[in-house]
Amino acid sequence: MGTLPLGNDNDLDDSQFYNRAEEISFISENLELTKKGSTPTILLTGIRGVGKTALMKKLKKDFQKDGYIVVYMELSGMNKYKKDSLDRFCFMKLFYESIINAYKESNILSINTQILKYIKTRNFKIDKISSFEKIPIPIITTEEDYSKFAGFVMDLPQMIYDDFKDEINGVLIFMDEFQILKQLDEDVNGFLWYIRSIIQSQKNIGYIFSGSMSLKDDLIADIAGQKGAFGGRILNYEIKRFSYETTKNYLNEKADYLNFTEEGFERFYHCTKGNLYYVNSFARLLPPNIELNEEKVNSEFDKSLPYLVIHLSSEWYKLSNQEQRIVIALIEGPLKRIEIANKLQVTSGAIGSSLKTLQNKMLIEMDNNKYQIYDSIFKAWLKKEYREKGDYPF
Ligand SMILES: Nc1ncnc2c1ncn2[C@@H]1O[C@H](COP(=O)(O)OP(=O)(O)OP(=O)(O)O)[C@@H](O)[C@H]1O
Ligand SMILES: [Mg+2]
């Protein structure tokens with residue numbers, strides 16, 4: 001119904017993408033510093049579904065139009081290179097592929113000869129170069145090859161800039177789904193420091209890291225905290241939910257067939273809290289051209305819950321029994337680790353890895369030494385299941 005984007009469509013066209021004027025101008029001003037030879041690094045945080053990816057894709061298009069090469073990389077793509085373990089090498093291959101794609105999108109020069117030139121300057125053995133879609137790729141067999149390749153890939157953006165600075169305005173690297181790094185089967189912090197050491201020596205490359213992280217996530221501290229790899233040299237910028245007014249104007253403009261009463265809209269905002277994923281998903285499920293008062297919005301919300309949490313309920317069913325029981329223990333409110341353990345009648349040590357898994361999946365988060373359920377709509381769904389079926393879904 002209507003033109004509101006689907007909750008999982010984050011590649012929005014200009015008629016769908018709403019507002020974010022302040023965020024765009026702030027981030028753009030910083031990224032444009034690359035022209036002046038300073039390397040801005042930005043960490044975009046924000047709750048799940050708030051619109052980080054949609055914003056980055058919008059920035060990508062805008063900057064491309066403005067003569068920048070924009071490398072957009074979704075770290076979940078590393079998995080396709082995974083053999084035995086998820087390691088730095090998967091990251092480097094994905095980065096390489098993403099740079100090539102950006103290069104192709106930019107229409108500058110014939111890329112294969114250019115890349116071959118870079119490869120040659122790096123002393124890769126020529127018989128160790130294969131190609132993919134005509135793009136040369138060094139073949140890696142030894143540890144030494146790997147570090148050569150890693151250095152080569154990490155330096156590529158600056159090499160491209162140096163060669164084309166008369167034709168382009170800059171090179172920007174957007175890394176989304178950054179939280180996937182937590183799944184690396186190796187020392188994540190060490191890897192972050194490695195990335196930082198390279199970035200530090202570059203002059204004209206702008207970076208944005210973003211991903212679904214709880215704002216209390218350790219990864220944020222590892223990246224941007226005082227002792228973090230990028231501490232003091234990264235801009236930590238939070239993408240906020242839409243305010244009451246913005247949400248109201250948004251729906252007035254894009255979904256004028258929704259006839260909210262004042263209280264009905266208050267209820268809508270209370271349910272979605274201005275989180276764009278929920279705003280769009282719920283608004284698309286509401287009936288058009290009838291009065292949406294408080295009661296109607298409430299009953300529609302209740303009906304919609306299973307659809308609104310589909311991305312989370314699918315995670316829920318994959319959890320272990322202990323993990324599910326921990327989530328249930330938190331339904332009535334936040335608890336300390338020992339309190340959860342007591343409820344489950346196990347030792348505190350026995351729930352350590354379950355807690356970590358749940359945190360990594362962003363189903364729970366820790367605040368002030370207490371664990372709590374991350375998403376209130378997910379919690380509402382569990383409660384509804386219990387109310388209607390007499391038990392939680394297992
Ligand atoms: N500026 C916007 N205008 C309209 N709709 C938006 C906007 N930004 C995001 N959305 C909607 O919200 C949904 C979620 O956005 P997006 O995927 O960008 O969130 P995210 O913060 O990247 O989430 P995650 O943390 O899960 O990666 C999008 O699919 C889209 O429907
Ligand atoms: Mg995203």
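Note that ligands are numbered from 1 as they come in the structure, with each ligand's atoms numbered from 1 the same way.
You'll find the ring centres of Tyr244 and Phe265 inside the 6.0 Å limit. Centroid-to-centroid, the aromatic rings of Phe89 and Tyr146 come within less than 6.0 Å.
Scanning both residues, Leu308 and Phe282, for their nearest heavy atoms gives CD2-N, 3.7 Å.
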Side-chain donor/acceptor pairs under 3.5 Å, residues 196-207, sequence neighbours excluded:
from   : atom 1 : to     : atom 2 : distance (Å)
Arg196 : NE     : Gln200 : OE1    : 3.3
Arg196 : NH1    : Ala229 : O      : 2.9
Ser197 : OG     : Tyr194 : O      : 2.7
Ser201 : OG     : Ile198 : O      : 2.8
Gln202 : OE1    : Tyr207 : OH     : 2.7
Gln202 : NE2    : Met154 : O      : 2.8
Asn204 : OD1    : Gln158 : NE2    : 3.3
Asn204 : ND2    : Thr34  : O      : 3.2

Could you pull out every donor-acceptor pair under 3.5 Å between side chains of residues 15-25 and any protein atom, sequence neighbours left out?
from  : atom 1 : to     : atom 2 : distance (Å)
Ser15 : OG     : Asp13  : OD1    : 2.7
Gln16 : OE1    : Asp13  : N      : 3.1
Asn19 : OD1    : Ala21  : N      : 3.2
Arg20 : NH1    : Glu23  : OE2    : 3.4
Arg20 : NH1    : Lys240 : O      : 2.9
Arg20 : NH2    : Val50  : O      : 2.7
Arg20 : NH2    : Lys240 : O      : 3.2
Ser25 : OG     : Glu22  : O      : 3.3

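Atoms NZ and OG1, from Lys273 and Thr247 in turn, are 12.0 Å apart once rounded to the nearest 0.5 Å.
Residues Gln322 and Ser354 have side chains that bring a donor and an acceptor to within less than 3.5 angstrom of each other.
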What are the atom names and distances for all N or O pairs under 3.5 Å between ligand 1 and the protein?
from     : atom 1 : to     : atom 2 : distance (Å)
ligand 1 : 1 (N)  : Tyr18  : N      : 3.4
ligand 1 : 1 (N)  : Tyr18  : O      : 3.0
ligand 1 : 3 (N)  : Tyr18  : N      : 2.9
ligand 1 : 5 (N)  : Asn280 : ND2    : 3.3
ligand 1 : 18 (O) : Thr53  : N      : 3.1
ligand 1 : 18 (O) : Ala54  : N      : 2.7
ligand 1 : 19 (O) : Gly51  : N      : 3.1
ligand 1 : 21 (O) : Val50  : N      : 3.3
ligand 1 : 21 (O) : Gly51  : N      : 3.0
ligand 1 : 21 (O) : Lys52  : N      : 2.8
ligand 1 : 21 (O) : Lys52  : NZ     : 2.8
ligand 1 : 22 (O) : Thr53  : N      : 2.9
ligand 1 : 22 (O) : Thr53  : OG1    : 2.7
ligand 1 : 23 (O) : Gly49  : N      : 2.9
ligand 1 : 25 (O) : Lys52  : NZ     : 2.8
ligand 1 : 25 (O) : Ser212 : OG     : 2.2
ligand 1 : 26 (O) : Ser212 : OG     : 3.4
ligand 1 : 29 (O) : Leu6   : O      : 3.4
ligand 1 : 29 (O) : Gly7   : O      : 2.8
ligand 1 : 29 (O) : Asp9   : N      : 3.3
ligand 1 : 29 (O) : Asp9   : O      : 2.8
ligand 1 : 31 (O) : Leu6   : O      : 2.9
ligand 1 : 31 (O) : Asn280 : ND2    : 2.9

Given side chain to side chain contact (heavy atoms under 4.5 Å, CB included), test Ile377 with Asn275 step by step and report yes or no. CA-CA 11 Å; Ile377 296 196; Asn275 177 319; over 6 Å; no
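Sorted by chain and number, the protein atoms of type N, O or S within less than 2.8 Å of the Mg ion (ligand 2) are Thr53 OG1.
A 4.5 Å side-chain heavy-atom check between Trp381 and Asp375 finds every atom pair outside the cut-off.
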